[in-house]
Amino acid sequence: MTLQTDYIGKPTSRIDGPAKVLGTAKYAAEFNVPNLLYGHVVSSPIAKGKITKINADPVLALPGVHQVFSHENVPSLAWLDRSYKDDVAPGGSPFRPLHKPEIRFSQQPVALVVADTFELARYAASILEIEYEEEAHETELTQHIDEAFEPGRGKTGYQPPKSRGNFGRGWEQGVAHVEANYSHHAQHHNPMEMFATTVEWLGDKKLNVYDKTQGAFNSQQYIMKIFGLSKDEARVISKYTGGGFGSGLRPQHQLFLAVLASLELQRSVRVSLTRQQMFSFGHRPETLQHVALATAEDGSLTGINHFAVAETSQFEDFTENVVGWSGTLYDCKNVKLGYRLSKLDVYTPLDMRAPGAASGSIALEIAMDEMAYAAGLDPLEFRIRNYSDFDQAQNLPYSSKNLRACYREGAAKFGWDQRTPEPGSMRDGNLLVGWGMGGGIWDAQKQPALAKVSLDADGHLTVSSGSNDIGTGTYTIMTQIAAESMGLPIEAVTFVLGDTELPEAPVQGGSWTAASVGTAVQEACAKLGEQLLKQAQKMDHPAFKDAKIDDVQFANGQMRLRSDLTQAVVLRDLVQASGEPKIEAQNSKLPGMVDMIKPPKYSMHAHNAVFVEVKVDPDLMTVHVTRVVNAVAAGRIINPKTARSQVLGSVVWGISSALMEESVMDHRFGRFMNHNYAEYHIPVNADIHNIDVIFVHEEDAEVNPLGIKGLGEVGLLGVAAAVANAIYHATGKRVRDLPVTIDKLL
Amino acid sequence: MSHITQAPLDRLPVALAPTQSVTLHINGQDHTLQIAPWTTLLDALREYLDLTGTKKGCDHGQCGACTVLVDGKRINSCLSLAVMQEGSEIQTIEGLGTEENLHPLQQAFIDHDAFQCGYCTPGQICSAQGLLNEGKARTEAEVRELMSGNLCRCGAYPNILSAVMEVLTNEESGTKNLKPKEDVGQWAAGATKPDMAPVEPAK
């Protein structure tokens, strides 16, 4: 029976919706604290070399300019590399802003000009004369494939992908073969909100730091270690984040610079990066891939070979799982996987939505389409014949996997059975019509997280966890989970996040927030339930005298006996009777830690299958993605309304990756030349047409008690490949270098 | 190895023009500011008046996050200097609706989940109001096209479309503030299920 206060699984409007549509939601650069100074960043025009002179005097002479910070005057800060390592840092030696005169990447922050107003700081920064000795730089990955190396294991957290069987033998056993190279260029996250930090100086080194981040605690740790601040002195607040997509996983330059200026000048300071400077830090690395596939007579895969080379910086080894998925997604005995890095004079790459998998699935899923054609099979039928019911890479059964339903329901909704296989065989008037498909797999992960719940005498429940909501819907789903757990109306629950004074939660990434923080909230609510039962017993409530926690339920604002629902007590009455202003409970971190040590019994993953229609003008070769069906198997969906939006956004990202998005490096300068929103193309409203999202039924008691697998990444997988495959079906042109721009089709 | 000079100072920097008094009429109220003449309307709103509902996404007129209405027309406030708007009627997101009385577009954006991170949202809503004022868009294709000056990196475009279409349709049929239409099909593009009614705690 569904209770009145059952909210999990119900489409629910965003709790933070009114604040966002009214413009009252405050983002990092919007805290207009008194006596604020403004910092403007000066970026290096060269990719490699050394600063020889900074002519700060004319700038400092301008009335209203307070300081020009550079390597020449930065005070002595933390010395060891580990002090600069944030939670998400890869192996290596993190970049330290304003530390040395050496230039290691184009647009490196070289100075911060601080002034009374934004206008003055920007002007003063524009006239700061800096001299450099430029050295030859290397930014072209294709020129450095031979130097690529296998990343160091262990210490950096990197686990090489596992090969199995004998690919050479599998290749020979095959009767049909495909082998090709695939590539995509660097991409930048480009969240709408530019990176900014407002540091409020509260006196005596005590700071309120309003930061754009995906993890307030990560930012806090970073500035504590570098500037020697205590937890109390370095409070980081991040209630609203204008998009992240991975860019906010690591603290960015402006956090360091704003805190530095605030501590040195003993004033409140704001530093915002410009859209151009949003290209001065992490990005999805350019990745070159090679895939070879072979199939037997019956269309079963006899061999998979997937090899990737990606760029990294000179100072850190950024690694991601590009090829590992190719050993899991399909059934195959002989799998050979390889992954290498090549160091370039660029900033360290950074996790970007579905890091690794988004790149890997482009190569694998286009190759699967090519293989299907080579084997004379329909691309969907080919995937079904190679369906994996057991994770061969981890040698574990799946906790749940309903990818079959994604195939079935997605294909039915799309009308895939109407497809004629020959390229160019389908038309809409003059337009070429192409139907393509793809799909992917992503980890269902859970991190340790803490949450606190507090029920007051008015019956209002405040739930807090220092997590984040970058647009994912965290505010809303945590409110739903808490309301259902305590049987309270949703209006009686407030969820608070984004503050280091709250219980600690991990950075928002990896699709793990719903599972991690959701579980923490559920556990905290369970503890509160036990306390409320004890309180009822203290009050000598006869019905609850011998009741155990399993004998009661929380619903409709009451605690009641399962065996006799008329035996009930209103929750706020319990608080009032306790004599305390509120009853509180917090989950313990332990279960998460223990879970992590235990060897896994199951392979836990979310999956998707995506079907795409393109229409191509045969004369101009313009491509329009006219229809997409994305079917997702991601366990339990807490809020179908916000979940659907997340997958819609993923599809838009996939279309973007397939047709538009690339950071174009001019290797003469070692600089991304299209570093603005006019030239870094992403879709606009007119580019996006019909998108259907299907969540197939998937129950999973193993991933976590709520059965959540996470949705941030999985919807993106296979979309770009499906678009490229549809373009092949429409035109007969197989483009393996993304994005598929018109020049590649003409 | 070559020598590079960034921002070469051939001469000493020019003396800064003095700040000046500028009076702006925003959301029905006059505000007088003492600002540098090259202060953009966007920065005047955000940095001097704490009207931070108007967002900065690029500062170059490329993203639309800073869209406000000036004399009923939508403009990118980052491409206008504040001094140019003396005597104009400026309307920002803060002047569109209130928590107790949301503007139909604001309600439709919530109902259709037409945003995720919310950063482009005030610009989208102001732009949509400008589109309604223009009276040019009738069809979905026209709304898509005429809302294409506003980027949304979260990719909420289908929901933005359905939110704007709902308000447009209601305005055209002269039945403002109608309840959202029931779903045409489950999860049809842009459609959302109505939320469950709020429940009251049992006594």
Side-chain angles (χ1 to χ4, degrees), chain A residues 4-5 10-13 17-18 20-23 25-26 30 32 45-46 55 58 118-119 126-135 190-193 241-243 274-275 459 470-471 489 491-492 556-558 641-642 644-645 648-649 652-653 676-678 682 684-686 688 690-693, chain B residues 1-9 12-13 16 36 38-39 43 47 50 52-53 57-60 62-63 65 93-94 97 99 106 109-111 113 115-122 125 144-145 147-148 151 153-161 187 189 192-193 195-196 198-202:
Chain A
Q4 230 182 336
T5 46
K10 300 263 166 54
T12 306
S13 289
K20 286 176 173 174
V21 300
L22 287 162
K26 288 260 184 196
E30 299 174 350
N32 289 324
I46 63 168
N55 188 7
F118 169 71
E119 289 74 29
S126 76
I127 59 164
L128 179 64
E129 187 183 64
I130 303 179
E131 294 182 28
Y132 303 85
E133 288 298 338
E134 190 180 20
E135 291 172 41
N190 273 308
M192 291 300 299
E193 181 199 10
T241 303
T274 64
R275 180 56 61 185
I470 55 174
E491 298 80 2
N556 303 352
Q558 302 168 322
K641 186 168 181 171
T642 53
R644 173 177 168 273
S645 293
L648 283 180
V652 174
W653 270 59
N676 60 67
Y677 259 151
I682 60 169
V684 297
N685 209 319
I688 301 304
N690 293 321
I691 304 171
D692 271 309
V693 177
Chain B
M1 196 171 282
S2 61
H3 190 86
I4 301 265
T5 304
Q6 180 175 20
L9 268 181
L12 285 178
L16 292 168
W38 60 78
T39 305
D43 291 327
E47 308 299 339
D50 201 30
T52 54
C58 71
D59 224 4
H60 282 60
Q62 297 168 342
C63 77
I93 191 73
E94 289 91 348
E99 193 153 10
Q106 290 170 322
F109 267 61
I110 295 174
D111 293 341
D113 205 32
F115 52 90
Q116 292 175 45
C117 81
Y119 198 77
C120 73
T121 311
I125 291 173
R144 279 190 183 111
E145 189 67 32
M147 285 298 292
S148 283
L151 297 179
R153 185 56 158 160
C154 297
Y157 297 127
N159 293 350
I160 293 169
L161 174 70
W187 312 130
T192 49
K193 281 191 154 183
D195 294 337
M196 89 181 271
V199 293
E200 294 300 325

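Proteins come first, then strands; the chains are lettered A, B, ... in the order of their sequence lines, and each starts at number 1. Hydrogens, waters and symmetry mates are skipped; everything else that's a heavy atom, side chains included, is used.
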> Does any donor atom in the side chain of Asn159(B) or Ser645(A) lie under 3.5 Å from an acceptor atom in the other side chain?
Replying inline: yes

> Are His3(B) and Glu133(A) linked by a side-chain donor-acceptor pair shorter than 3.5 Å?
Replying inline: yes

Just give me the residue among [options] that pairs up with chain A most often, heavy atom to heavy atom, under 4.5 Å.
options                                  : answer
Glu94(B), Glu145(B), Met147(B), Gln62(B) : Gln62(B)
Cys63(B), Ser148(B), Gly53(B), Pro8(B)   : Ser148(B)
Gly155(B), Ser2(B), Gly118(B)            : Ser2(B)
His60(B), Arg153(B), Glu99(B)            : Arg153(B)
Ala156(B), Cys154(B), Pro122(B)          : Cys154(B)

> Which atom pair, heavy atoms only, marks the closest approach of Asn556(A) to Thr5(A)?
Replying inline: N-OG1, 3.1 Å

Quick one: what part of [X] sits under 4.5 Å from any heavy atom of chain B, side chain, backbone, both or neither?
X         : value
Ala25(A)  : backbone
Pro191(A) : backbone
Ile470(A) : backbone
Ser126(A) : backbone
Ile688(A) : both

>> Is Ile4(B) close to chain A through its backbone or its side chain, or both, or neither, when contacts mean heavy atoms under 4.5 Å?
In response: both

>> If we define contacts as heavy-atom pairs under 4.5 Å, which of Ile130(A), Ile682(A), Val652(A), Thr274(A) has the most with chain B?
In response: Ile130(A)

Is the closest side-chain heavy-atom distance between [X] and [Y] below 4.5 Å?
X         : Y         : value
Thr5(B)   : Glu129(A) : yes
Thr241(A) : Tyr119(B) : no
Ile93(B)  : Thr121(B) : no
Leu151(B) : Tyr157(B) : yes

> Do Asp111(B) and Lys641(A) meet the salt-bridge criterion of a basic N to acidic O distance under 4.0 Å?
Replying inline: no

